[in-house]
Amino acid sequence: MKDWPLWEVFIRSKQGLSHKHVGSLHAADAQMAIENARDVYCRRNEGISIWVVESKYMHASTEDAEAFFDPANDKIYRHPTFYDLPDEVKHM
Amino acid sequence: MNTHFDYILRLGDNALILAQRLGEWCGHGPVLEQDIALTNISLDLLGQARMLFTYAGELEGRGRTEDQLAYFRDAHEFRNVLLVEQPNTDWAYTIARQFFFDTYNYYHYQALLKSRDERLAAIAEKSLKEVTYHLRFSSEWVLRLGDGTETSHQKMQAAIDDLWMYTGELTTPNATDLAVAADGTGVDLLKIKPLWDAKVADVLQEATLQIPTAGWMQSGGKDGRHTEQLGFILAEMQHLQRTYPGLEW
């Protein structure tokens with residue numbers, strides 16, 4: 001059982017929300033991973049849907065965070081707060 | 001003895017003793033995930049035992065609480081089937097014991113939904129959701145081990161063969177079963193037997209395991225005649241309340 005692969009677990013807590021990463025676990029295959037996730041991560045009514053992905057299929061950004069994400073920092077016009085809203089516009 | 005009380009007490013004893021056995025795995029599971037899975041099942045069963053004991057105590061009318069029924073009876077007063085008191089031994093034995101019991105428990109609770117006793121039918125409805133998952137879990141493991149490696153197949157087959165003699169009692173009615181089946185409060189075990197036989201045959205066949213040929217079946221648990229295992233379970237389970245009666249957290 002030491003050679004069971006690692007799985008990443010994503011759980012949707014209710015309809016309309018997206019799946020969120022909650023952690024990882026070991027399992028021999030996808031079905032066991034889902035059942036293990038039910039037992040490990042859904043003991044207190046946390047979810048209505050489970051996704052599992054074998055960890056080796058996850059790809060993550062490895063770049064230096066500052067250089068990689070910095071160009072977004074000075075583009076203040078990408079934020080809605082940059083724009084002045086006329087008073088006549090309602091429901092914003 | 002009141003057969004209705006005796007019947008409900010037995011359902012509670014089955015759940016309690018199996019919960020205690022599964023609890024022994026806590027901290028000792030082969031991997032953390034299965035450790036949690038087994039203790040989840042253990043706690044489900046403990047919850048069922050609590051509902052059943054509380055009800056049994058009310059029916060008896062002598063003021064005994066769930067704790068008094070669990071902690072202050074001796075082995076001969078327990079009504080659980082012999083299967084649930086058998087030791088964990090290894091993962092394959094634990095799974096075989098669970099699978100045999102879950103199959104019975106599932107069909108039994110399903111039939112109990114139609115009990116004339118509404119309280120019992122309500123307990124069955126709540127428990128059935130839990131037991132449905134238990135059966136799925138244990139069936140899945142029988143398949144994995146039976147149809148796994150050569151070693152896992154051998155171990156699973158050995159566990160199935162060794163525990164087989166304790167399975168007859170599950171679906172063989174004693175006087176209590178006959179009485180509660182007749183008055184509509186309990187389940188007619190003779191109707192459960194073919195369902196149990198078919199489900200077990202299906203899963204074992206798919207798992208490439210041999211169905212043991214019928215041999216001598218042990219019995220007696222329902223009437224309070226137990227294997228030597230139960231005394232050890234009770235010694236551990238009841239020790240604290242026997243030493244310090246009424247002790248609370």
- Query: Which value, rounded to the nearest 0.5 Å, describes the distance between B:Leu143 atom CG and A:Gln31 atom CD?
  - Reply: 9.0 Å
- Query: Going from CD on A:Glu35 to CD on B:Gln34, what distance comes out if it is rounded to the nearest 0.5 angstrom?
  - Reply: 8.5 Å
- Query: What part of A:Ala27 is in contact with chain B, defined as an atom under 4.5 angstrom from a non-hydrogen atom: side chain, backbone, both or neither?
  - Reply: neither
Atom [atom1] of [X] with >12 non-hydrogen neighbours under 6.0 angstrom:
X        : atom1 : value
B:Tyr71  : OH    : no
B:Glu236 : CD    : no
B:Lys114 : NZ    : no
B:Gln210 : CD    : no
A:Asp64  : CG    : yes

- Might you point out which heavy atoms bring B:Ile36 and A:Asp39 nearest each other, and give the distance in Å?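 Distance-wise, the nearest heavy atoms are CG2-O, 3.2 Å.
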- Query: Does A:Arg38 count as lying over the ring of B:Phe137, i.e. NZ or CZ under 6.0 Å from the six-ring centre, within 45 degrees of the axis?
  - Reply: no
- Message: Checking the side chain of B:Glu33 only, and the main-chain atoms of A:Val40 only, is there a donor and an acceptor separated by less than 3.5 Å?
- Response: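 Not a single qualifying donor-acceptor pair exists.
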